[in-house]
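Residue numbers count from 1 along this sequence. Worth knowing before you read on, the calculation uses all heavy atoms, side chains too, and leaves out hydrogens, waters and symmetry mates.
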Amino acid sequence: MIPFVDLKAQYLSIKEEVDRAVLDTLASTQFVLGKEVAAFEELFADYTQCRYALGVNSGTSALHLALLAAGVGRGDEVITTPHTFIATVSAIDYTGARPVFADIDPVSFTIDPAQIEAMITPRTKAIIPVHLYGQPAEMDAIMAIARKHGLVVIEDAAQAHGAEYKGRRVGSIGDLGCFSFYPGKNLGAYGEGGAVTTNNPELARTVRMLRDWGAERRYHHDLKGFNYRMEGIQGAILRVKMGYIEQWTELRRAAAARYDVLLAPMGVRTPTALPDRRHVYHIYAIRDTRRDELQAYLHEHGVSTGIHYPIPVHMQKAFAELGYQAGDFPQAEAAAAEVLSLPMFPELTAEQQQAVVNAMQGWMQQITAIAS
């Protein structure tokens with residue numbers, strides 16, 4: 001079976017460094033925050049072209065704290081996309097604000113700026129564009145809308161470490177950026193982890209306090225905060241991995257380019273690499289109206305795949321109270337019915353990719369035979 005992602009292959013390639021970093025952290029007994037987290041934060045801030053990076057315990061926590069630091073709370077509205085992982089919307093809900101959706105652009109899978117302005121009301125406080133699959137959203141247009149209406153922009157960059165929009169790293173363009181280090185991400189911890197990035201010192205100070213019980217000094221709690229601190233071991237692992245992220249990113253991009261070439265003769269709807277953006281291919285999502293049948297066939301023929309995501313958030317039972325209906329966001333709904341994520345990870349070999357393509361060719365030959 002060709003795996004959808006192979007975490008073991010990556011670990012084995014850096015095992016000696018990771019093991020040493022973990023053992024050093026254990027010996028130091030700095031298990032929560034500490035010098036390893038601080039060292040990682042410095043590296044990640046530099047990598048994202050930001051002044052500050054604050055390590056937290058998950059990407060969801062990063063979104064929650066970014067919203068709170070931006071002053072989002074009960075009675076406010078936050079505009080985002082329905083074609084995303086539910087954490088984007090859940091973080092809005094945690095603050096007491098109301099999620100409001102705008103449809104996606106079908107080429108980039110990211111929020112369509114042309115749909116945003118009509119959703120703005122006197123209660124709107126922020127916009128969360130999601131750089132989905134590693135593709136940056138159309139940030140110039142989003143920032144122009146936000147500045148026109150006095151809104152905060154929080155980038156959900158959970159799938160887009162190292163992605164660029166017109167030469168600028170995602171996470172540095174809006175007021176705040178949010179990253180996930182879930183193990184399968186382009187930069188993954190060996191457990192949960194996340195970070196908030198910003199160039200604003202006051203926002204950084206607030207996030208730093210909120211992640212650690214609202215305190216700058218122990219037992220002096222100026223804010224109602226949370227236990228959202230990054231563990232020392234995760235900081236140590238991520239610090240090691242920072243030395244490889246660009247290499248791994250280019251391997252992903254090379255694998256995506258190889259898929260593009262191999263799949264082109266078959267007429268497969270492959271991801272679009274937009275000319276003004278650096279796509280980092282956390283996910284390589286193709287589209288097919290017979291997606292479920294194709295996925296079943298590939299599984300039977302030794303290819304693991306994923307669906308990101310099969311149900312748009314506005315149609316999830318958990319958010320039924322928002323009152324949206326099927327048909328409200330046709331582009332997001334069409335994508336949810338058609339996208340299929342092929343195996344994608346830095347260690348993916350050309351032989352494995354050829355096997356994936358061979359299986360897809362077998363599927364197409366089968367449906368052609370049935371149709372005839």
Side-chain angles (χ1 to χ4, degrees), residues 3-48 50-62 64-65 87 157-162 169 171 177-197 204 207-213 215-219 225-252 280 282 344-349:
F4 178 65
V5 62
D6 189 346
L7 299 182
K8 183 175 286 188
Q10 185 175 98
Y11 167 60
L12 291 175
S13 72
I14 56 173
K15 183 180 185 301
E16 183 176 334
E17 289 178 78
V18 168
D19 290 356
R20 183 169 58 251
V22 170
L23 290 173
D24 287 348
T25 304
L26 293 175
S28 77
T29 70
Q30 294 187 21
F31 301 128
V32 179
L33 296 176
K35 65 178 183 180
E36 287 288 357
V37 171
F40 165 67
E41 289 173 333
E42 185 175 345
L43 289 171
F44 196 67
D46 183 65
Y47 184 71
T48 55
C50 289
R51 290 179 65 186
Y52 307 98
L54 297 312
V56 294
N57 63 346
S58 73
T60 308
S61 296
H64 187 198
L65 294 188
Q159 299 182 2
H161 315 70
R169 287 275 165 91
C178 299
F179 292 83
S180 168
F181 305 125
Y182 186 75
K185 293 296 196 297
N186 291 30
L187 180 67
Y190 291 164
E192 297 280 2
V196 179
T197 56
V207 170
R208 189 178 289 110
M209 293 171 69
L210 287 172
R211 75 175 175 181
D212 193 9
W213 295 114
E216 284 187 299
R217 290 188 297 154
R218 196 173 189 186
Y219 302 132
F226 304 85
N227 181 9
Y228 282 176
R229 299 167 295 197
M230 177 176 279
E231 295 180 347
I233 286 175
Q234 302 306 338
I237 292 164
L238 291 166
R239 177 187 57 76
V240 170
K241 286 192 166 192
M242 284 300 300
Y244 297 90
I245 184 162
E246 275 301 292
Q247 174 187 331
W248 291 336
T249 297
E250 287 306 316
L251 287 170
R252 284 178 178 272
V280 295
H282 172 60
M344 172 57 72
F345 48 94
E347 299 77 18
L348 185 67
T349 66

task = Look at the side chain of Lys241 and the backbone N and O of Ala189, then say whether any donor-acceptor pair between them is shorter than 3.5 Å.
result = no
Set of side-chain hydrogen bond (donor to acceptor under 3.5 Å, both in side chains) partners for Thr48, sequence neighbours left out = none
remark   = With sequence neighbours left out, the residues meeting side-chain hydrogen bond (donor to acceptor under 3.5 Å, both in side chains) with Ser13 are none
key: Glu231: side chain to side chain contact (heavy atoms under 4.5 Å, CB included) partners, not counting sequence neighbours   = Gln234
request  = Check Ala62 against Val196 and note the closest heavy-atom contact, atom names and distance.
outcome  = O-CG2, 3.5 Å
query = Partners of Phe226 by ring pair (Phe, Tyr, Trp, His ring centres under 6.0 Å), sequence neighbours excluded?
reply = His64, Tyr228
inquiry  = Which heavy atom of Phe345 sits nearest to which heavy atom of Pro3, and what is that distance?
reply    = CE2-O, 3.4 Å
Pairing residues for Asp6 by the salt bridge (charged side-chain N to carboxylate O under 4.0 Å, His left out) criterion, not counting sequence neighbours = none
request  = Name all pairs fulfilling the side-chain hydrogen bond (donor to acceptor under 3.5 Å, both in side chains) condition that reach into residues 181-195, sequence neighbours left out, sorted by first residue then second.
outcome  = Asn186-His282
message = Can you list everything that forms a side-chain hydrogen bond (donor to acceptor under 3.5 Å, both in side chains) with Arg252? Sequence neighbours excluded, please.
response = none
Which donor-acceptor pairs under 3.5 Å do side chains of residues 17-30 form with protein atoms, sequence neighbours excluded?
| unit_1 | atom_1 | unit_2 | atom_2 | d |
| --- | --- | --- | --- | --- |
| Glu17 | OE2 | Tyr244 | OH | 2.1 |
| Asp19 | OD1 | Tyr11 | OH | 2.8 |
| Asp19 | OD2 | Tyr11 | OH | 3.4 |
| Asp19 | OD2 | Lys15 | NZ | 2.7 |
| Thr25 | OG1 | Ala21 | O | 2.8 |
| Ser28 | OG | Thr25 | O | 2.8 |
| Ser28 | OG | Gln30 | N | 3.1 |
| Gln30 | OE1 | Lys35 | N | 2.7 |

Could you tabulate the donor-acceptor pairs under 3.5 Å formed by side-chain atoms of residues 39-46, not counting sequence neighbours?
| unit_1 | atom_1 | unit_2 | atom_2 | d |
| --- | --- | --- | --- | --- |
| Glu41 | OE2 | Gly55 | N | 2.7 |
| Glu41 | OE2 | Arg211 | NH1 | 2.8 |

inquiry  = Suppose we screen for side chain to side chain contact (heavy atoms under 4.5 Å, CB included). Which residues come up paired with Thr249, at least two apart in sequence or across chains?
reply    = Tyr47, Ile245, Glu246, Arg253, Arg278, Val280
ask   = side chain to side chain contact (heavy atoms under 4.5 Å, CB included) with Ala160: which residues, sequence neighbours excluded?
value = His131, Ala157, Ala163, Val170
